[in-house]
Protein chains: 2
Amino acid sequence: MAKLEYTLDQIDYQILRIMQDNARTNNADIARELGMAPSAILERVKKLEQKDIILQYNAKINPDALDQKMLSFIFIKAQDIIGVQKVGLLLAEIPEVQEVHDIAGDDGYLIKVRTNDAAGLVDLMRNSLGKIEGIISTRTTIVLETVKEEQKLVIPTKK
Amino acid sequence: MAKLEYTLDQIDYQILRIMQDNARTNNADIARELGMAPSAILERVKKLEQKDIILQYNAKINPDALDQKMLSFIFIKAQDIIGVQKVGLLLAEIPEVQEVHDIAGDDGYLIKVRTNDAAGLVDLMRNSLGKIEGIISTRTTIVLETVKEEQKLVIPTKK
DNA sequence: TCTGAAAATCGATCCCA
DNA sequence: TGGGATCGATTTTCAGA
């Protein structure tokens with residue numbers, strides 16, 4: 001993991017804004033848009049990657065296309081010793097689990113799970129969650145419809 | 001919005017798998033990895049985009065780099081008429097709100113919000129949520145630490 | 001850190017199998 | 001659909017300021 005301390009200027013923000021919207025934008029296109037040479041853009045992008053400011057580039061795939069029509073959030077109460085996130089790490093290993101958050105309050109986790117259908121969810125709870133020691137209880141919230149789902153951050157306009 | 005009905009074969013799955021891991025992978029590299037001609041890969045990728053199977057390419061940016069250290073989930077009870085997601089659409093317009101899910105049960109929404117700090121969250125609740133008519137109550141869950149956070153789908157190995 | 005130029009590589013389109 | 005060839009565009013490296 002590289003350093004995070006790094007002063008981003010307005011040009012970096014613009015690059016991040018463009019890349020956040022379309023990660024496949026050419027260096028040449030970015031250069032044209034910002035009125036700079038492509039090589040300068042390349043240097044900055046490389047630096048943003050090295051400094052772990054750009055973490056990765058991913059293609060967002062339509063879940064329906066892969067028949068993953070079910071989305072659920074599950075609150076999990078666990079008997080973890082504070083600071084030792086053993087249960088959290090085990091949860092993170094489950095492929096269908098997209099997110100694992102350690103939440104305040106009931107010494108628990110909130111996880112986001114994508115399965116084919118209700119049967120897939122039951123299956124996951126029985127076979128994957130059921131085998132993790134330390135889980136005391138779960139409370140499941142089913143998503144009927146997703147109105148918005150993106151990872152985009154609000155990028156400052158001035159520093 | 002294009003059609004979704006489309007039979008994906010094993011090669012498509014492999015392309016999706018590669019793109020999901022690194023959206024900036026060259027057609028040429030994919031072609032080499034799958035032992036095919038670059039032009040064939042290009043055709044398939046274009047088709048996957050046109051059919052809305054690949055929805056978009058985005059760069060995942062480190063929230064800490066933009067000083068967005070606070071992540072929260074908020075349950076929102078709303079008096080929406082069923083099917084008319086007016087409140088949901090208003091919630092989706094808030095830039096700091098990354099996700100809006102219509103959830104089963106308490107005729108409500110679950111939203112995911114990223115702010116700089118606790119003050120930013122209070123500010124958002126007061127100024128943005130506070131101005132949306134139809135919100136009855138909210139319940140906020142603060143994330144202490146995120147163990148896993150990705151959008152990757154489980155891509156089938158056989159069809 | 002940017003520019004500009006040069007070389008290697010890639011994207012996109014064509015026709016043919 | 002996939003393969004091979006082509007041309008134009010892009011990536012990447014390097015020197016200089």
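Below, chain A is the first sequence line, B the second, and so on; all start at residue 1. Treat the numbers as computed from the prediction; the structure is a model and nothing was measured.
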- Identify whether any heavy atom of B/K47 sits under 4.0 Å from a base atom; if not, whether one sits that close to sugar-phosphate; answer base, sugar-phosphate or nothing. sugar-phosphate
- Message: Would you say A/N26 places a side-chain N or O within less than 4.0 Å of OP1 or OP2 belonging to D/dA9?
- Response: no
- Query: Rounded to whole angstroms, how far apart are CG on B/N27 and C1' on D/dG3?
  - Reply: 15 Å
- Task: Find the distance A/D9:CG to C/dT1:P and express it as a whole number of Å.
- Result: 9 Å
- Of the nucleotides C/dT13, D/dT12, D/dT10, which one has an atom closest to the side chain of B/L42? C/dT13
- Message: How many whole angstroms separate atom CD1 of B/I41 from atom C1' of C/dG11?
- Response: 14 Å
- Query: If we only count heavy atoms from C-beta on, is the A/K152 to A/D21 side-chain gap below 4.5 Å?
  - Reply: yes
- Message: Rounded to whole Å, how long is the line connecting atom CG of A/L48 with atom C1' of C/dT1?
- Response: 14 Å
- Any side-chain heavy atom of A/L91 sitting closer than 4.5 Å to one from A/L129? yes
- Query: Closer to the 5' end of DNA chain D via nearest nucleotide, is it A/R32 or A/E43?
  - Reply: A/R32
- Provide, to the nearest angstrom, the distance between the CG atom belonging to A/D29 and the P atom belonging to D/dT10. 6 Å
- Does A/K148 use its side chain to pair, donor to acceptor, with the backbone of B/V97 at less than 3.5 Å? yes
- Item | Closest-nucleotide ordering on DNA chain C, the 5'-leading residue of A/R24 and A/R44 | A/R44
- Message: Is it the case that the base of D/dG4 and the side chain of B/S39 share a donor-acceptor contact (distance under 3.5 Å, atom types as modelled)?
- Response: yes
- Looking for any heavy atom pair under 4.0 Å, which part of the strands does B/A40 touch: base, sugar-phosphate only, or nothing? sugar-phosphate
- Item | Any B/N22 side-chain heavy atom under 4.5 Å of A/N58 side chain | no
